[in-house]
Amino acid sequence: MDPTTDNAGNTGDPGTARASLEDLRAEIAKAVVGQDPAVTGLVVALLCRGHVLLEGVPGVAKTLLVRALASALALDTKRVQFTPDLMPSDVTGSLVYDARTAEFSFQPGPVFTNLLLADEINRTPPKTQSSLLEAMEERQVTVDGTPRRLPDPFLVAATQNPVEYEGTYPLPEAQLDRFLLKLTIPLPSRQDEIDVLTRHAAGFNPRDLRAAGVRPVANAADLEAARAAVAKTTVSPEIAAYVVDICRATRESPSLTLGVSPRGATALLATSRAWAWLTGRDYVIPDDVKALALPTLRHRVQLRPEAEMEGVTADSVINAILAHVPVPR
């Protein structure tokens, strides 16, 4: 095999990379029905070296979605079920005494992977939640004073349920801000749900993706080529100003106690560039910013209690801002 290719048959060329990432939707659809926006969001996060918070009620295939993505990308994936008794070392790894050598050796934790599925992250105490912060921000973990690099690519896909808040530990704003995107996984439409049942009746096993026909269609070289191409996507001064105006408007909204930080503005710019490249352009237009505004910003704002009681949501506030902020021509 040519060293510039892998078992997905791809070379890491930007044009090939875009086509391969577009093929992800069809490949993941073999296992997951009707979740194209979430698939796109995960690809955008990979292109931006970001992380994703997936929110949805139990049973909407959040775990299956991440596993199918990893299989279609020929990447390693690990899953951690977050519980109240989970310790930080259960995530990052720890030093283990070897009686044969009379020395301590490092035993890597599940965070040493390409795609880490942090299931129900809000069910573990803040101390364990915070063990992911260094990994997410610095791409490394420090154990006993020694920093250890994580693989590249590295993405944390954390899930939480919008119900059953009893016994949970809500993520603090500082940690929420580390997630590039917050994707809401809706209940399927009637037809999609019929399709799901039809597949299961025909013998589909969600635990055996290979039997379902999911195959690698992209690889780490494709991701690297795609990231390089995204970095060259042009952003005009008018678009940059548009992103800033949207974020500043959240800080002035009477419905919010917390608006989008400058980090949130840079995140919106990054996701807009990735989306522009995925749709076949080498420059960003206002529609790209609008398309990614909700998933990039919804978790970076905080509603006033009185607004929440009136039924106002973060999404409705952001949509109102998008409707009022002047769009560059």
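What you see is a predicted model, and the numbers here were worked out from it, not measured in a lab.
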Do Gln129 and Phe82 come close enough that some side-chain heavy atom pair is under 4.5 Å? no

Are any non-hydrogen side-chain atoms of Asn161 and Val57 less than 4.5 angstrom apart? no

Check the side chains of Thr313 and Asp315 for a donor-acceptor pair under 3.5 angstrom, ignoring hydrogens and angles. no

Does any part of the side chain of Val327, heavy atoms only, come nearer than 4.5 Å to the side chain of Tyr242, both counted from C-beta? yes

Side chains of Asn114 and Thr77 only: does a donor on one sit below 3.5 Å from an acceptor on the other? no

Does Arg148 make a cation-pi contact with Phe112, if we ask for NZ or CZ under 6.0 Å from the ring centre and within 45° of the axis? no

Distance alone, cut at 3.5 Å: any donor-acceptor contact between the side chains of Ser189 and Asp192? yes

I'd like to check Leu24 versus Thr40 (side-chain heavy atoms, cut-off strictly below 4.5 Å). Are they in contact? no

Looking at Arg281 and Asp288, is there a salt bridge between them, counting it only when a charged N and a carboxylate O are closer than 4.0 Å? yes

Note, His299 side chain near Glu173 side chain (heavy atom, < 4.5 Å): no

Do Leu95 and Phe106 have side chains that approach each other closer than 4.5 Å (heavy atoms only, starting at C-beta)? yes

Side-chain H-bond candidate by donor/acceptor type, Thr250 with Ser253, under 3.5 Å: no

Does the side chain of Glu134 pick up a donor-acceptor pair with the side chain of Thr142 at under 3.5 Å? yes

From Leu53 CG over to Gln175 CD, what is the distance, rounded to the nearest 0.5 angstrom? 9.5 Å

Electrostatic pair Asp282:Lys232 at N-O distance under 4.0 angstrom: no

Between Glu120 and Gln81, does any side-chain donor sit less than 3.5 Å from a side-chain acceptor? yes

